[in-house]
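What you see is a predicted model, and the numbers here were worked out from it, not measured in a lab. The chain is numbered in sequence order, starting from 1.
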Amino acid sequence: MKTYKSEEEFLKDYDVTMFDQLSMTADILLISVSDQEQNNYRKNSKKMMSILLVKRDDYPYKDKWCLPGGFLNPKKETLEECARRVLKTETNLSNIYLEQLYTYDGLNRDPRTRVVSTSYIALVDKNSLTDMINPKACWFDITLIEEKDNIVNITLDNNIELLHLSIKKTLREKTTDRYSFKSLNNVLAFDHDLIVLAGLERLKNKVNYTDIVFNMMPEYFTLGQLQQVYEVILNKKLLDPAFRRIIKDKVVKTNKMKTGEGHRPSVLFKYKEPNNN
């Protein structure tokens, strides 16, 4: 084996073909909890949790839905920069909340080559978006989440087609992640079924002890609207006293009122920044 006198000499002679090649991607689960379209203005708008999917127009998995994602340029960007570039390119969205989720490294997750994906959660209030999303992208409402015998069934609906994800949860011991996941029907391309469930569970866990939910809220909102968002994420009804305890230090009352929708005027609140007294 050749010996080198300096790191510069080693790098000059370094041959990357000595090692197996590995590609990396960033895949983004973009989540929104927003108003469903309502025909009767006298009724309160129903909140729906939605995720953004992109239809693939090339192989592998041609014509299947997947999360927005793309390959990392290893010489020009970090993984987070890659994720933000992908969001901008595939969804036309930028400057929104982004949090790293998990790394997926299954040996056969991509039939083209060995690809390791770092997944991210991104959060937005889609009712407040002004930019048009990419034509290949579409919002899917999560219309049903059922769990029985550690099998989670998720139904996604874009008003044209329904996608039914079925994922098995296996309890782990002595690990920070309580469950491992296995898709039973592989509805989405690659292993994106697993990323969807992992991201929804991460959001559900964090909503109780962080302020993460306010990334999906408009600047001003009623307490009723905020409670609906919590209930959609947690997939359960909350008693008013319990909800008020959760948010009492997170919101501040304003002098604004919500009017003009066939209801009694309601006081509007806003997020209380951490440095507010």
I need the minimum non-hydrogen distance between [X] and [Y], along with the two atoms involved.
X      : Y      : answer
Val116 : Arg109 : C-NH1, 4.4 Å
Asp105 : Arg114 : O-NH2, 2.9 Å
Leu29  : Val196 : CD2-O, 3.7 Å
Glu231 : Lys237 : OE1-NZ, 3.5 Å
Ser23  : Thr113 : OG-CG2, 4.1 Å
Asp125 : Ser34  : OD1-OG, 3.2 Å

Should the pair Tyr104 and Tyr102 be assigned to parallel (<30°), tilted (30 to 60°) or perpendicular (>60°) ring geometry?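 Perpendicular, since the angle between the ring planes exceeds 60°.
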Using the ring of each side chain (for Trp, its six-membered ring), is Phe214 parallel, tilted or perpendicular to Phe221, with breaks at 30° and 60°?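 Tilted.
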What residues join Tyr220 in its hydrophobic cluster, counting side-chain heavy atom gaps under 4.5 Å, either direct or through other members?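 Besides Tyr220, the cluster holds Leu268.
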Taking salt bridge (charged side-chain N to carboxylate O under 4.0 Å, His left out) as the test, write out the residues that go with [X], two or more places apart.
X      : value
Glu201 : Lys169
Glu219 : Lys270
Lys64  : none
Arg56  : none

Which pairs pass ring pair (Phe, Tyr, Trp, His ring centres under 6.0 Å) with one or both residues in residues 147-172, sequence neighbours excluded?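 Pairs touching residues 147-172 that pass the test: none.
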Can you run down the ring pair (Phe, Tyr, Trp, His ring centres under 6.0 Å) pairs that involve residues 72-100, sequence neighbours left out, and say none if there aren't any?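 Output for this query is empty, none listed.
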If hydrophobic clusters are built from ILVMFWY residues whose side chains come within less than 4.5 Å, do [X] and [Y] share one?
X      : Y      : value
Ile212 : Leu197 : yes
Leu101 : Val54  : no
Met48  : Leu238 : no

Once side-chain contact (heavy atoms from CB on, under 4.5 Å) is applied, do any residues pair with Val232, and if so which ones, sequence neighbours excluded?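 Scan of Val232 (side-chain contact (heavy atoms from CB on, under 4.5 Å), adjacent residues dropped) gives Val33, Lys47, Met49.
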Run the side-chain contact (heavy atoms from CB on, under 4.5 Å) test against Ala122 and tell me which residues pass, sequence neighbours left out.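 Applying side-chain contact (heavy atoms from CB on, under 4.5 Å) to Ala122 gives Ile28, Leu30, Leu87, Ile96, Leu98.
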Donor-acceptor pair, [X] side chain versus [Y] backbone, under 3.5 Å?
X      : Y      : value
Asp193 : Val187 : yes
Asn158 : Ile160 : yes
Ser32  : Val124 : yes

Any pair counted as salt bridge (Lys or Arg N to Asp or Glu O under 4.0 Å), so long as it reaches residues 242-256, sequence neighbours left out: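 Salt bridge (Lys or Arg N to Asp or Glu O under 4.0 Å) check on residues 242-256 returns Asp211-Lys250.
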Any pair with a residue in residues 66-87 that passes salt bridge (Lys or Arg N to Asp or Glu O under 4.0 Å), sequence neighbours left out, goes on the list, sorted by first then second residue, please.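 Residue pairs with at least one partner in residues 66-87: Glu77-Arg85, Glu80-Arg84.
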Identify, with sequence neighbours excluded, every residue that meets side chain to side chain donor-acceptor pair (under 3.5 Å) alongside Thr254.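 Testing Thr254 for side chain to side chain donor-acceptor pair (under 3.5 Å), a comparison that skips the adjacent residues, returns none.
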Side chain to side chain donor-acceptor pair (under 3.5 Å) between Asp27 and Ser117, intermediate numbers included: CA-CA 7 Å; Asp27 293 306; Ser117 170; 2.5 Å; yes
